[in-house]
Number of protein chains: 2
Amino acid sequence: MELKEALAAKAVPVEAALREYLAVREPEQLYRAMAHIPLAGGKRLRPVMALLACELVGGDSAKAVPYAAALETIHNFTLIHDDVMDEDELRHGVPSAHAEFGIATAINAGDALFAYAFEMVTDSDCSQEMRAELVRHVASTVREVAEGQQMDLDFEEREKVAPAEYLEMVRLKTSILFGSAAYGGARIGGASEEQARELRQMAIDVGLGFQIWDDYLDATVAEELLGKPSGSDIRQGKRTLLVIEALDRATSEDQDRLTTILAGDNSDDDVAEAVAIMERSGALAACHEQANDFLQGVRATLAKYPQGEPRQLFEALLEYMVTRGH
Amino acid sequence: MELKEALAAKAVPVEAALREYLAVREPEQLYRAMAHIPLAGGKRLRPVMALLACELVGGDSAKAVPYAAALETIHNFTLIHDDVMDEDELRHGVPSAHAEFGIATAINAGDALFAYAFEMVTDSDCSQEMRAELVRHVASTVREVAEGQQMDLDFEEREKVAPAEYLEMVRLKTSILFGSAAYGGARIGGASEEQARELRQMAIDVGLGFQIWDDYLDATVAEELLGKPSGSDIRQGKRTLLVIEALDRATSEDQDRLTTILAGDNSDDDVAEAVAIMERSGALAACHEQANDFLQGVRATLAKYPQGEPRQLFEALLEYMVTRGH
């Protein structure tokens with residue numbers, strides 16, 4: 001796929017930087033655990049976002065490579081700790097860090113990656129003033145990511161979550177790191193704070209649109225591709241925006257039924273019934289519309305920038321995120 | 001105790017800063033978990049070290065308060081994660097963070113504290129250039145702390161650890177954070193890099209001397225105070241420098257006996273026998289000498305600075321660390 005290759009090509013210098021930063025040294029067990037998930041793959045969407053934002057404002061994206069690597073490193077540290085918290089044993093098709101190295105080493109490796117990310121931020125090719133600004137920006141972003149993670153943990157204990165609360169959780173847990181990628185890339189590329197903030201908001205909207213779209217695809221796309229519902233989120237009882245919207249909109253009978261399906265071991269028929277409830281409650285349509293709204297906003301911001309490789313690739317990146325190769 | 005009060009008085013502005021930084025807000029569960037251990041007590045030795053280093057070089061320590069708070073926050077984040085890794089249920093006489101809030105929230109709260117610490121570093125009253133320098137210094141220090149933590153984890157799996165390896169582990173895991181406290185405090189106070197590095201080394205030696213002394217006291221002091229060995233490290237089978245030195249120096253018969261005592265449920269007699277092996281192997285004397293060597297070096301560096309409140313308090317701090325109020 002041409003587009004995927006173009007994005008991979010964009011990520012090459014970040015890939016190289018990550019491999020250099022994460023070279024195994026003493027104590028070996030720590031550095032192996034640190035490198036395990038970051039070097040197991042991933043689409044490098046955050047680094048690509050940083051480099052493209054840099055180029056979009058006319059900057060030289062080579063200067064933003066360490067910053068881009070920092071954002072990918074932070075993303076990976078959160079994955080490693082999230083896997084411990086959620087007791088997930090697989091990530092990117094390999095054993096999660098704690099499954100491979102044990103819980104203690106995985107927590108420690110996540111901490112070391114987080115520290116390392118700040119070293120990378122200060123490796124960026126810009127003034128010390130700018131580095132200090134970016135450190136502060138990234139640090140407050142990661143604190144907000146932890147707030148989002150906490151909301152997610154808290155929601156598991158609650159019966160009812162409002163759609164607006166859910167969206168705020170996704171914004172914090174998933175989207176603002178994309179925002180920081182764009183912000184820092186743009187600032188290193190010479191953007192004013194105002195311009196960088198606009199690109200940050202655009203990237204946050206990409207993240208939100210992306211996440212909602214992802215939930216939507218999980219409930220709908222396999223139906224078209226495989227002739228049967230996939231709905232792995234439903235099977236796992238995950239509270240996605242779709243579920244939140246359906247519980248907010250459905251008849252009380254459908255609400256009860258959906259809650260029962262999500263709570264239990266569910267058959268293919270149960271999953272199909274859950275999707276039907278999402279459909280007739282209007283939740284599917286609402287999520288589709290919401291995802292589209294976010295992505296329309298993104299396209300409007302992007303249209304302010306001159307035609308050229310960075311804007312084209314940005315648009316391609318959006319398209320890729322939305323279609324996920326389907 | 002006058003000295004303890006003087007140190008507590010020194011820590012007052014940091015205590016106030018921590019309370020302000022750690023005020024509970026939404027999501028409440030996260031901020032409660034973040035504040036739980038940092039506000040449960042502790043001697044604030046790292047912040048006091050930062051403020052005293054600042055004053056020692058003629059600086060205004062008010063400027064270093066956010067930096068001092070950052071170091072205390074980092075120390076506490078490592079405590080919270082260490083307690084998860086070691087499955088320790090108590091800390092500062094209260095339930096550890098994961099015992100009180102669950103493992104997922106505790107890991108997340110540690111991450112949020114770590115992020116917050118970098119915000120605090122950039123709150124320091126100094127130039128943006130200096131803030132960027134301090135961020136880099138602190139980040140690389142925390143990565144080294146994780147290296148020390150990993151060595152400690154790795155040692156648990158190994159039969160034999162050399163005294164030099166053990167000391168390197170302690171230097172990384174415990175002492176270099178004291179070093180960073182002194183380095184940053186001195187830099188904010190106007191010290192040259194060279195001067196700040198000397199004070200950093202001094203603080204590292206304080207940390208090392210302190211840790212070895214602590215191990216030594218655990219095996220010996222209760223004997224004097226209570227008329228019977230306390231030896232909680234021995235009971236827990238902990239590998240302290242004392243144990244490492246004893247296993248390095250004792251007859252092979254004594255080595256075997258000590259290993260057996262450390263591995264099993266041990267009676268008071270067993271603990272007393274372990275202490276006797278430490279004594280006759282020369283390990284007790286060696287540790288006593290080593291701790292003294294470090295602390296002598298510290299006093300020699302300190303002697304270069306003018307008499308006055310900061311130096312006096314520094315000397316008092318050393319004395320306090322060594323005697324621990326005994």
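Every chain is numbered from 1 and lettered A, B, ... according to where its sequence line falls, protein lines coming before strand lines. Worth saying up front: this structure is predicted, and the values here are computed from it rather than measured.
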Aromatic plane relationship, F114(B) with F114(A) - under 30° parallel, 30 to 60° tilted, over 60° perpendicular: perpendicular

Contacts of A16(A) meeting side-chain contact (heavy atoms from CB on, under 4.5 Å) (sequence neighbours excluded), chain-then-number -> none

Highest number of heavy-atom pairs under 4.5 Å with chain B among L153(A), L113(A), V121(A), D111(A) belongs to D111(A)

For E87(A), does the CD atom have more than 12 heavy-atom neighbours from other residues, nucleotides or ligands under 6.0 Å away? no

Looking only at D154(A), T122(A), D86(A), the option with the highest number of non-hydrogen pairs under 4.5 Å against chain B is T122(A)

Checking heavy-atom separations under 4.5 Å from chain B, one finds in residues 131-150 of chain A R131(A), A132(A), E133(A), V135(A), R136(A), A139(A), S140(A), V142(A), R143(A), A146(A), E147(A), Q149(A), Q150(A)

Among residues 70-84 of chain A, residues within the sub-4.5 Å heavy-atom range of chain B, in order of number, are F77(A), H81(A), V84(A)

Filtered by a 4.5 Å non-hydrogen cutoff, the part of residues 102-110 of chain A contacting chain B is A104(A), T105(A), I107(A), N108(A)

In this structure, OG of S127(B) is separated from CD of E129(A) (nearest 0.5 Å) by 7.5 Å

